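We use all heavy atoms of the structure for the numbers below, so side chains are in, but hydrogens, waters and symmetry mates are not. Numbering of residues begins at 1 and proceeds along the displayed sequence. Remember, predicted model here, so these are calculated numbers, not experimental data.
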Amino acid sequence: MQTASYLHPFTYYSDRRSLFKPDGCVKLQIPYPSQLGRKVLLTGRPQTCKFLMPKQQTRLFAVPNTDDGHPSVSVLEDSNTNHAPNSEPETVLRKWSPPRYMWRGFSALILAGQVIVRTLRGKVHWRNTLQQLKRVGPNSVGVCLLTSAFVGMAFTIQFVREFTRLGLSRAVGGVLALAFSRELSPVITSIVVAGRIGSAFAAELGTMQVSEQTDTLRVLGADPVDYLVTPRVIATCIALPFLTLMCFTVGMASSALLADGIYGVSINIILESARRALTSWDIISAMIKSQAFGAIISIVSCAWGVTTMGGAKGVGESTTSAVVISLVGIFIADFVLSYCFFQGVGDSLKNL
């Protein structure tokens, strides 16, 4: 025999087998299917029960139980269809999410602002900064100088041959010096650093992000921006101007040696021509450019690293994307700075 109980809010049902409770609620017992035809009398005395839940319309019926063949009582609740309208209608902006490159760009701008504020407040982890400075500077000297030397020799082949035919051999040194100081040295050095250091920054921070090491730093009370990002940005901005200056020197030296050994243009002529063409502003502009390029490389690489998602695949995609965006940013910044620094007609070669 199965027994079902139900508490009704307004009335109660009774027959001979009904058990009444003093609080006005009833317990129904239906033992066999043969007794389902008995009349159920509705008494005239309403009983009330207090409920905390809102009242709902219900129906009571008996269905056969598949387990033992005896009927069981089930309760069906009719849902209220008169719901209040949603106070917050769905809009297009609620379902729209910005593209990944857009929120990564915003994160790079926010990260740059945080680095500037923390640097001005003196919240810099100097030990980590020195470690990153060694990594960006001395450990990158060899590849930067080698690249600059071969680019200078290739550039010399194109200039010296044509200028010698035109009888302008005395202008070779000045042209090479201006090209190296204004464009080639900062851009080449930045490209090498972006490929070597920027990719490493993005890969390291991306791995720390997907493995939740940055969250561990927050739990330990250390700010990831102070500990990870700011030292890398400062180290890159400090080391890149010195690398640019060394690349300029090596590029000019390799060009002078090649011109003297193959095309017969004396080293003294090249160096004298370079001295007359160069000004202090050319060197200063190269240093400013390299600092701007270093900031772009470090901020983009760190921003792409800390926004990495998706495990090892995400780390690889973030590293590749960081290098590409850094190179694009370098070329755009080079155009803007060159337009601002060297407007108008130049007169650097007038005294040659």
Worksheet item: Step by step, would you call I234 with Q132 a side-chain contact (heavy atoms from CB on, under 4.5 Å)?
Response: CA-CA 9 Å; I234 294 176; Q132 298 299 327; over 6 Å; no
Practice prompt. Could you tell me whether E272 and R170 have a side-chain N and a carboxylate O separated by less than 4.0 Å?
Written response: no
Item to complete: Verify, without hydrogens or angle tests, whether T319 (side chain) and V315 (backbone) share a donor-acceptor contact under 3.5 angstrom.
Response: yes
Discussion item. So that I can tick it off, tell me whether R104 and E317 are bridged by a salt bridge, with the cut-off set at under 4.0 angstrom between side-chain N and carboxylate O.
Written reply: no
Fill in: P186 backbone acceptor or donor facing S190 side chain under 3.5 Å
yes
Worksheet item: Take atom CH2 in W126; do more than 12 heavy atoms of anything else shown fall under 6.0 Å from it?
Response: no
Discussion item. Once rounded to the nearest 0.5 Å, what's the spacing between atom CD1 of I297 and atom CD1 of I325?
Written reply: 13.5 Å
Response to the item:
Output for pair (R232 CZ, I299 CD1), nearest 0.5 Å, gives 13.5 Å
Worksheet entry | Closest contact, heavy atoms only, S318 versus T308 | OG-OG1, 3.1 Å
Worksheet entry | Test item: K289 side-chain N/O and R182 main-chain N/O as donor-acceptor pair under 3.5 Å | yes
Discussion item. Testing the basics here: between V124 and T119, what is the closest heavy-atom pair and its distance to 0.1 Å?
Written reply: CG2-CA, 4.2 Å
Worksheet item: In the single-linkage hydrophobic clustering (I, L, V, M, F, W, Y; side-chain heavy atoms under 4.5 Å), do F150 and L176 co-cluster?
Response: yes
Discussion item. Any non-hydrogen side-chain atom of I110 less than 4.5 Å from a side-chain atom of Q114?
Written reply: yes
Worksheet item: If you measure from CG on L245 to CG on L240, what distance do you get to the nearest 0.5 Å?
Response: 11.5 Å
Worksheet item: Any donor and acceptor pair, going by atom type alone, linking the side chain of S199 with main-chain N or O of G195 inside 3.5 Å?
Response: yes
Worksheet, complete the sentence: Looking only at heavy atoms, the pair that brings R135 and A200 closest together is NH2-CB, 3.1 Å
Worksheet item: Do I284 and W281 have side chains that get closer than 4.5 Å, going by heavy atoms?
Response: yes
Item to complete: Taking T236 for its side chain and G294 for its backbone only, find out whether a donor-acceptor pair lies under 3.5 Å.
Response: no
Discussion item. Would the distance check show the side chain of S140 and the main-chain N or O of G137 forming a donor-acceptor pair, the cut-off being under 3.5 Å?
Written reply: no
Worksheet, complete the sentence: Heavy-atom nearest pair, A108 first then W304, reads CB-CZ3, 4.3 Å
Response to the item:
In R218, H125, R118, the residue satisfying side-chain hydrogen bond (donor to acceptor under 3.5 Å, both in side chains) with D223 is R118
Discussion item. Please give me the minimum heavy-atom distance between S273 and G174, naming the atom from each residue.
Written reply: OG-N, 2.7 Å
Discussion item. I'd like to know if I157 and V160 are part of one continuous hydrophobic network [Ile/Leu/Val/Met/Phe/Trp/Tyr, side-chain heavy atoms within less than 4.5 Å].
Written reply: yes
Worksheet item: Under 4.5 Å between any side-chain heavy atoms of S181 and L278, yes or no?
Response: yes
Discussion item. For the OG1 atom of T189 and the CD1 atom of I330, what is their distance to the nearest 0.5 Å?
Written reply: 10.0 Å
Fill in: Single-linkage hydrophobic cluster, 4.5 Å side-chain cutoff, F201 and L228 together
no
Worksheet item: Roughly how far, to the nearest 0.5 Å, is the OG1 atom of T129 from the CD1 atom of I238?
Response: 8.0 Å
Worksheet item: Tell me, do L145 and M246 make a side-chain contact under 4.5 Å, heavy atoms counted?
Response: yes
Worksheet item: Do S285 and D282 pass the side-chain hydrogen bond (donor to acceptor under 3.5 Å, both in side chains) test, and can you show the C-alpha distance, the side-chain angles, and the key distance before you say yes or no?
Response: CA-CA 5 Å; S285 64; D282 295 325; 4.9 Å; no
Discussion item. With a 4.5 Å cut-off on side-chain heavy atoms, are V193 and F293 touching?
Written reply: no
Worksheet item: Can you hop from M153 to L146 via hydrophobic side chains spaced under 4.5 Å?
Response: yes
Fill in: Reported OG-to-CD1 distance for the pair S326 and I197, which is rounded to 0.5 angstrom
12.0 Å
Discussion item. A side-chain contact here means heavy atoms from C-beta on lying under 4.5 Å apart; do F180 and S255 qualify?
Written reply: yes
Worksheet item: Does L109 belong to the same Ile/Leu/Val/Met/Phe/Trp/Tyr cluster as L111, with side-chain heavy atoms less than 4.5 Å apart forming each link?
Response: no
Discussion item. Tell me the closest heavy-atom pair linking S290 and T244, and the distance in Å.
Written reply: CB-OG1, 3.2 Å
Worksheet item: Checking side-chain contact (heavy atoms from CB on, under 4.5 Å) for the pair V172/Y263: CA distance, chi angles, key distance, verdict?
Response: CA-CA 11 Å; V172 171; Y263 296 100; over 6 Å; no
Item to complete: Could you walk me through whether T214 and Y227 pass the side-chain contact (heavy atoms from CB on, under 4.5 Å) test, one step at a time?
Response: CA-CA 10 Å; T214 55; Y227 189 78; over 6 Å; no
Practice prompt. Report yes or no: does S301 contribute a side-chain atom to a donor-acceptor pair with the main-chain N or O of S298 at less than 3.5 Å?
Written response: no
Worksheet item: Between E183 and S338, is any pair of side-chain heavy atoms under 4.5 Å apart?
Response: yes
